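Computed from a prediction, not measured in an experiment: that's the story for all the values here. Note: hydrogens, waters and symmetry copies are ignored here, and every other heavy atom, side chains too, is used.
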Protein chains: 2
Amino acid sequence: MDTTEELQDFIANGHKTFIPHVSMDNAIFGYHDHQLKILLSQYKAIEGYCLPGGYIKRTETLDQAAKRIVKERTGLDDLYLQQYKTFGDPGRIKWNEMDFEKFSEMAGVKHIKDSWLMDHTISIGYYAITDFSLVTPKSDLSSYCEWFNIDEVPPLLYDHDDMVKESLQALRQQLYYYPIAAKLLPEKFTLTEIHAVYETILGKKLDIRNFPKKLVFLGLIKKLNEKRNIGPHRAPYLYRFDMKKYNKALETGTTLT
Amino acid sequence: MDTTEELQDFIANGHKTFIPHVSMDNAIFGYHDHQLKILLSQYKAIEGYCLPGGYIKRTETLDQAAKRIVKERTGLDDLYLQQYKTFGDPGRIKWNEMDFEKFSEMAGVKHIKDSWLMDHTISIGYYAITDFSLVTPKSDLSSYCEWFNIDEVPPLLYDHDDMVKESLQALRQQLYYYPIAAKLLPEKFTLTEIHAVYETILGKKLDIRNFPKKLVFLGLIKKLNEKRNIGPHRAPYLYRFDMKKYNKALETGTTLT
DNA sequence: TTCTATTTGGTAAAATTTACACAATAAAGA
DNA sequence: TCTTTATTGTGTAAATTTTACCAAATAGAA
C-alpha cells in the first residue's frame, strides 16, 4: 500500500478481500558470500521491529499468499518458500494506547479499535530464503524494511522472536533434505561456494574435504567439465544441481549427515 | 455439543467465543498391540468421513485448543500432541445444496449460509497419539466417531486426505526425535513391546536384536532389575524411559538411525 | 525332566564418517 | 620465461556406526 487512500480502504473494506482473523508473517532470510541476514520491518507508527507480514486473499492458496507477500518486500518471485508453524496464542499482539493513537493518526482513520484488523488474529508462519544481493528491500506507506545480520537481530515485537527462532531451526533442518542451496547459488557453482552456504546457514564448520563427498556420491550435484578462473591459483571445477536426483532422494528419504 | 439448543446458540453466537475463520482438525492416532488406528468422525447430516475438529476459543492457546478438542473426543488428557501444518486453500470445504439443507434441518436453523461458520475458514492441523485401548470414542449431537485401521481409511471429505497423509508423515519423522512411545506404553515395558511400537508406526520391519542398542546406548531407555513373567519361555527384562536424557538428546540433536 | 517359545548377549562383517597431508595449478610478478 | 602465491583437488587410513546373524539362557508347560 503506497497511498493513504489505499490504506483507508484496506482498513474499511479489507475484510471483504482478505480472510479476517488470519495473518501471515514471513521470516525472509538472505544469504550472500558467507553472510546470513533476515529482513525486518519497522512500522512508522510503532516503535520496534518485526517480521514483514500481510493478509491472505480469500481467493489464493496459502503458498500463493506467502509468495505474494514476499514479493511485495523483495521484488523476487523465485525464492525457496516453506510453511513452518502457525502462531495464535491470545494476547500475542499487544498495542498500547499510544500505538493506537499513532496508527490512527498515520492512517487518518478514527475508530481503529473497531476495525477488523484489531480483532484477535492468528499468524501463519512461512520462511523464505534467497540471495540478498538480488534484493532491494521495499518499504511502503506504513513501514520501512531492512536486512539485519542473523546474529544482530534486536528483540522483536509480539511473538516474532519465537518466529525467528523456530523458522531458523526449520531452515537448518530442511537444508539437509531440500535443494535450498540451489536458490542461493548461480546455476554453475564451485564446491567452495556451496560449502560456504552450508557453513553459514548451519552456523558451524564443516570439513571442506569431506563435505562434498556425500553430495556427489548421492548425485545431488554433478561435476561439469568446466573450470572458473578466479585468481592466481588452481581453478576450481564447476558443479550443477541434479534436481531429478534430489527429488528421488526426497521420496526415498535419503539424507545428508 | 449435546443438545439442539447448544448447537443453535453456537451457530448464532459462537463467533463471540471462538475465533471465526479459523478451525482446527486433529489427526488422532491410536496404537495398541501392533495396530495403528486413526479416529474418524462422520457428520450425521453429511455423507462421508473426516477428521474430528473444532474451533479455537479466543482465550486459549493453540495447544490448549488442540488438547480440549482431543479430550472432547477421547476423554483423555495425556496424549502426545503436536502441530504439523495449517491448511487454507480456497474451496477446501465444498458443501452442496443438499448438505446445507440437511444441516439446516438437523440444527433447526434457517439461514445457515449467512452464519459465521460458512465463511472461508482455514484449519490448523495437530496430530495426537495415544493407546486406543484406553479410549471410547465420544460421539455428539452432530457426529459419530470411530477408530479405523490406518490402512483401511476410506477417502475423506474436504482436504482431510492430505491431512492424514501429512500428519502420518510428521508422526513417523518425530518418532525418531521425541519420546512419543512413552505415551503408548506402560511405565515399565519390555523391549519387545517398544519394538512393536516402532515397527507398527513406521510401517516397516526393524531387526529386534539391533533395535534396542542405540536406544539403550544413548540412555533414552533404562534397563530395570525386574522381569515380567509371561509364558513358557525366558522372561523379558523391563525398561523405563529416561526423560532427562531424552530432553538432553533433543537439545543436542542426537537422533535414532 | 524335557520341551517349547522367546529373550538376550555377543561378534564379525559391512558401510559410513572422520581426520588429515600433499600434489596440482592459474595467474601475478619478477 | 620463471618463480611465487593462493587455493583447489585427490586419496587413504583410522574410527565409528550399522547390519547381519548364531547360539546360549530360561520361565513355564507338558
Next on the checklist: Closest-nucleotide mapping onto DNA chain D: is L256(B) or K227(B) further toward the 5' terminus? I mean the 5' end.
Outcome noted: L256(B)
Checklist entry - By side-chain hydrogen bond (donor to acceptor under 3.5 Å, both in side chains), which residues pair with Q82(B), not counting sequence neighbours? => result Y80(B)
Checklist outcome for this item: Any stem touching DNA chain C, meaning at least three consecutive Watson-Crick or G-U pairs under 3.5 Å, ordered by first number, would be C:1-30 with D:1-30
Item to check | Distance-minimising heavy-atom pair for L51(B) and N26(B) | outcome: CB-O, 3.7 Å
Next on the checklist: Enumerate the salt bridge (Lys or Arg N to Asp or Glu O under 4.0 Å) contacts for residues 28-41 of chain A, please, sequence neighbours excluded, ordered by first and then second residue.
Outcome noted: none
Checklist entry - For E146(A), which residues count as a side-chain hydrogen bond (donor to acceptor under 3.5 Å, both in side chains) partner, sequence neighbours excluded? => result none
Checklist entry - What pairs with T252(B) under side-chain hydrogen bond (donor to acceptor under 3.5 Å, both in side chains), at least two apart in sequence or on another chain? => result T254(B)
Checklist outcome for this item: Span of DNA chain D engaged by chain B, first through last nucleotide within the 4.0 Å heavy-atom cut-off, is dT18(D) to dA29(D)
Atom pairs, N/O to N/O, protein against nucleotides 5-10 of chain C, distance under 3.5 Å?
| residue | atom | partner | partner atom | Å |
| --- | --- | --- | --- | --- |
| dT7(C) | OP1 | T192(B) | OG1 | 2.7 |
| dT7(C) | O2 | R234(B) | NH1 | 3.0 |
| dT8(C) | OP1 | Y237(B) | N | 2.7 |
| dT8(C) | O4' | R234(B) | NH1 | 3.4 |
| dG9(C) | OP1 | K223(B) | NZ | 2.5 |

Next on the checklist: Applying salt bridge (Lys or Arg N to Asp or Glu O under 4.0 Å) as the test, list every pair that has at least one member in residues 164-181 of chain A; sequence neighbours left out.
Outcome noted: K85(A)-E166(A)
Side-chain donor/acceptor pairs under 3.5 Å, residues 233-241 of chain A, sequence neighbours excluded:
| residue | atom | partner | partner atom | Å |
| --- | --- | --- | --- | --- |
| H233(A) | NE2 | I230(A) | O | 3.4 |
| R240(A) | NH1 | E187(A) | OE2 | 3.0 |

Checklist entry - Which residue pairs pass the salt bridge (Lys or Arg N to Asp or Glu O under 4.0 Å) test when at least one of the two sits in residues 174-184 of chain B, sequence neighbours left out? => result D78(B)-K183(B)
Checklist entry - Taking only residues two or more places apart in sequence, or in another chain, which ones meet Y198(A) in a ring-ring contact (aromatic ring centres under 6.0 Å, His included)? => result F211(A)
Item to check | Contact list for residues 150-164 of chain A, test salt bridge (Lys or Arg N to Asp or Glu O under 4.0 Å), sequence neighbours left out | outcome: R92(A)-D159(A)
